[in-house]
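Down below is the structure, laid out as structure tokens.
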Protein chains: 2
Amino acid sequence: MGAKILIVDDEPQIRKLLRVTLQAHGFTTIEAATGQDGIIQAGMIRPDLIILDLGLPDMDGTKALSQIREWSVVPIIVVTVRDDEEGKVYALDHGADDYVTKPFGMSELMARIRTALRHVANQPDEPVLKIGKLTIDLARRIVERDGQPVRLTPTEYDLLKTMATNAGRVMTHRQLFQQVWKGQNYETADHYLRVYIGHLRKKIEDNPAQPNLIITEPGVGYRLVIPSES
Amino acid sequence: MGAKILIVDDEPQIRKLLRVTLQAHGFTTIEAATGQDGIIQAGMIRPDLIILDLGLPDMDGTKALSQIREWSVVPIIVVTVRDDEEGKVYALDHGADDYVTKPFGMSELMARIRTALRHVANQPDEPVLKIGKLTIDLARRIVERDGQPVRLTPTEYDLLKTMATNAGRVMTHRQLFQQVWKGQNYETADHYLRVYIGHLRKKIEDNPAQPNLIITEPGVGYRLVIPSES
DNA sequence: TCTGGGTGTAAAAAGATCGTAAAAATGGAG
DNA sequence: CTCCATTTTTACGATCTTTTTACACCCAGA
């Protein structure tokens, strides 16, 4: 996942424990020992989640909570030794997204972090390749040319995909063949390629007879040019 | 505020306690004593939040949790006597938004309810999909075409649901089969698909012979097109 | 001008996949 | 047990892809 998590706690051993565990779960961690520093870091780094200890030396943790909430909706999980119900209610009503009492189980905290992150779940951007007037949406398996969808057969699509993911680079006959016709022995290979390159050109080139997208490198292979070149 | 809250708990005295307290705070309450009834109520009433006891007589509470999560993003606060960490992690990772252990303080629960409601306050997520002239109400399990209800068998519905929740995207044969025929081995799979895609087309396409909703991507799978495309 | 490797189109044959109807099996309700 | 809706299986023709075959091309170099 790799979300950035800001740890605001004055006890070094707690910070270390959190840091190690979080990093073991694939998160990136930033640390702050004081409320003041925590607020600054929250503004600078823009973490995806904040773990906030209420028992800070320089200021009341709830103060830090309120200050961060003035401009940010980042999920904040409050972690504290105080177990009084009043404190929980206060923190939750002042913007905390969860409240965990020390000592807490690490796996529970991790689950609560996942839950909090889920609330702001904006699914990661889909990989969309853009090469000139060509758009290739790998997740949706959609190819568009000037916004118009282009119908491709599986082999055509695979071929275009491998060239697009290596756009600007020359792909040798052998490389293309092995990527598209997986695990078949190289026989009439470059003839297949010629046929399918032909199909592709007919479908995505303005003028298939004079291709300016799929360039042939004689004796070597083919190359999908990226727009800056002509 | 007046949010509707569904209470799913088999103990009448707990339900009463929750009902009285919640109503005192201005909430509207609905009650269910069993998991089965809870799931039905969740679909019928569309509560703004659900309080779910895991210790239900008729079914495992986590089962109910998962079922509701299939079509709804309503906040669910799990309330239970079980205090084991494993259970907490499991529930949180399966869609619960919070986990409170009995006995709990009422004011804390109220604060956690307010926090949970805050999360969905600014993202009204209707569990109703609209794709062209097709309307799919995931909560009520109702499909309409031009306002006319469409009768679907369970398998047909599951198939349409998985395609609709991934509208615009190509679903491979394998993906569709695993979603709809859960945990069966891939054998005559794509044949089942052909048959059921045929059924669906007959029921939702204007002209089943020339489908413009469920289009087949030969060699790959099927795609439910979203209206902007033709 | 002829020759030959590498290349580009077209269209055929071969092969795989797809759509439909309808029969057989399954399973739940009464 | 019987009925009925649904699912699974069977069968076959239609359609789409891939592979194969055929031939024209361009451009060196002899």
Side-chain angles (χ1 to χ4, degrees), chain A residues 141 143 150-161 163 170-174 176-223, chain B residues 36 141 143 149-161 163 170-224:
Chain A
R141 200 190 175 282
V143 177
V150 179
R151 269 184 55 85
L152 296 179
T153 71
T155 309
E156 288 165 6
Y157 179 80
D158 285 347
L159 183 57
L160 179 59
K161 188 175 92 177
M163 290 209 298
V170 180
M171 299 292 287
T172 67
H173 298 135
R174 172 167 247 103
L176 285 173
F177 183 75
Q178 288 183 342
Q179 277 289 314
V180 178
W181 284 267
K182 288 147 193 163
Q184 292 193 32
N185 62 333
Y186 197 76
E187 285 283 319
T188 51
D190 38 353
H191 190 53
Y192 288 5
L193 282 176
R194 271 180 226 118
V195 172
Y196 273 92
I197 291 287
H199 290 170
L200 274 182
R201 280 179 175 153
K202 211 177 296 180
K203 290 184 178 180
I204 66 175
E205 293 278 2
D206 288 328
N207 180 6
Q210 293 188 348
N212 64 344
L213 266 173
I214 301 175
I215 302 288
T216 125
E217 302 280 353
V220 184
Y222 296 90
R223 183 164 54 98
Chain B
Q36 203 52 254
R141 203 188 169 285
V143 177
V150 179
R151 264 186 58 83
L152 295 180
T153 71
T155 309
E156 288 165 5
Y157 178 80
D158 284 347
L159 184 57
L160 180 58
K161 185 176 94 177
M163 289 210 299
V170 177
M171 298 295 286
T172 66
H173 299 131
R174 172 166 250 104
Q175 286 175 321
L176 285 173
F177 183 75
Q178 289 183 341
Q179 278 289 314
V180 178
W181 284 268
K182 287 150 192 160
Q184 292 193 34
N185 63 332
Y186 196 78
E187 283 289 318
T188 52
D190 40 350
H191 191 55
Y192 288 6
L193 283 176
R194 270 180 228 122
V195 172
Y196 274 91
I197 290 286
H199 290 169
L200 274 181
R201 279 178 174 153
K202 214 175 295 179
K203 290 184 178 181
I204 66 174
E205 293 277 2
D206 287 328
N207 179 7
Q210 292 188 348
N212 64 345
L213 265 174
I214 301 174
I215 67 174
T216 123
E217 300 280 351
V220 184
Y222 296 90
R223 181 211 312 272
L224 191 67

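Side-chain N or O atoms of R201(B) include none that pairs as donor or acceptor with a backbone N or O of A209(B) at under 3.5 Å. Put simply, the side chain of Q175(B) gets close to the backbone of T172(B): a donor and an acceptor are under 3.5 Å apart. Remark: side-chain polar atoms of E205(B) are paired, donor with acceptor, to backbone N or O of L213(B) under 3.5 angstrom. At least one donor-acceptor pair closer than 3.5 Å links the side chain of E156(B) to the backbone N or O of T153(B).
Here the P atom of nucleotide dT18(D) and the CG atom of L200(A) are 11 Å apart, to the nearest Å. Atom C1' of nucleotide dT6(D) and atom CG of L159(B) are separated by 15 Å, given to the nearest angstrom. Whole-Å rounding puts the N207(B) CG to dT20(C) C1' distance at 14 Å. Between the CG atom of D158(A) and the C1' atom of dT18(D) there is a distance of 13 Å, given to the nearest Å. As a whole-Å value, the separation of L193(B) CG from dT8(D) C1' is 13 Å. Nucleotide dA5(D) holds its C1' atom 14 Å from the CG atom of L152(B), rounded to whole Å.
By the 30° and 60° cut-offs, the orientation of the rings of Y196(A) relative to H199(A) is perpendicular. Ring-plane geometry between H173(A) and Y222(A) is classed as perpendicular, the angle between the planes exceeding 60 degrees on a 0 to 90 degree scale with a lower cut at 30.
Put simply, T155(A) has a side-chain N or O that comes within less than 4.0 Å of OP1 or OP2 on dT18(D). Here W181(A) reaches the OP1 or OP2 of dT19(D): one of its side-chain N or O atoms lies under 4.0 Å away. The side chain of Y192(B) contributes no N or O atom lying less than 4.0 Å from OP1 or OP2 of dT7(D). At least one side-chain nitrogen or oxygen of T153(A) sits closer than 4.0 Å to the OP1 or OP2 atom of dT18(D).
The closest side-chain heavy-atom distance from R194(A) to D190(A) is below 4.5 Å. Between D158(B) and Q179(B), the closest side-chain pair of non-hydrogen atoms is not below 4.5 Å. For the pair L159(B)/L193(B), a side-chain contact is recorded, criterion being any heavy-atom separation below 4.5 Å from C-beta on.
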Each nucleotide N or O in nucleotides 25-30 of chain D that has a protein N or O under 3.5 Å away: list the pair and distance.
none

Let me have a per-nucleotide readout for nucleotides 7-19 of chain C, 5' to 3', with B, S or -, counting only protein heavy atoms under 4.0 Å.
BBBS------SBB
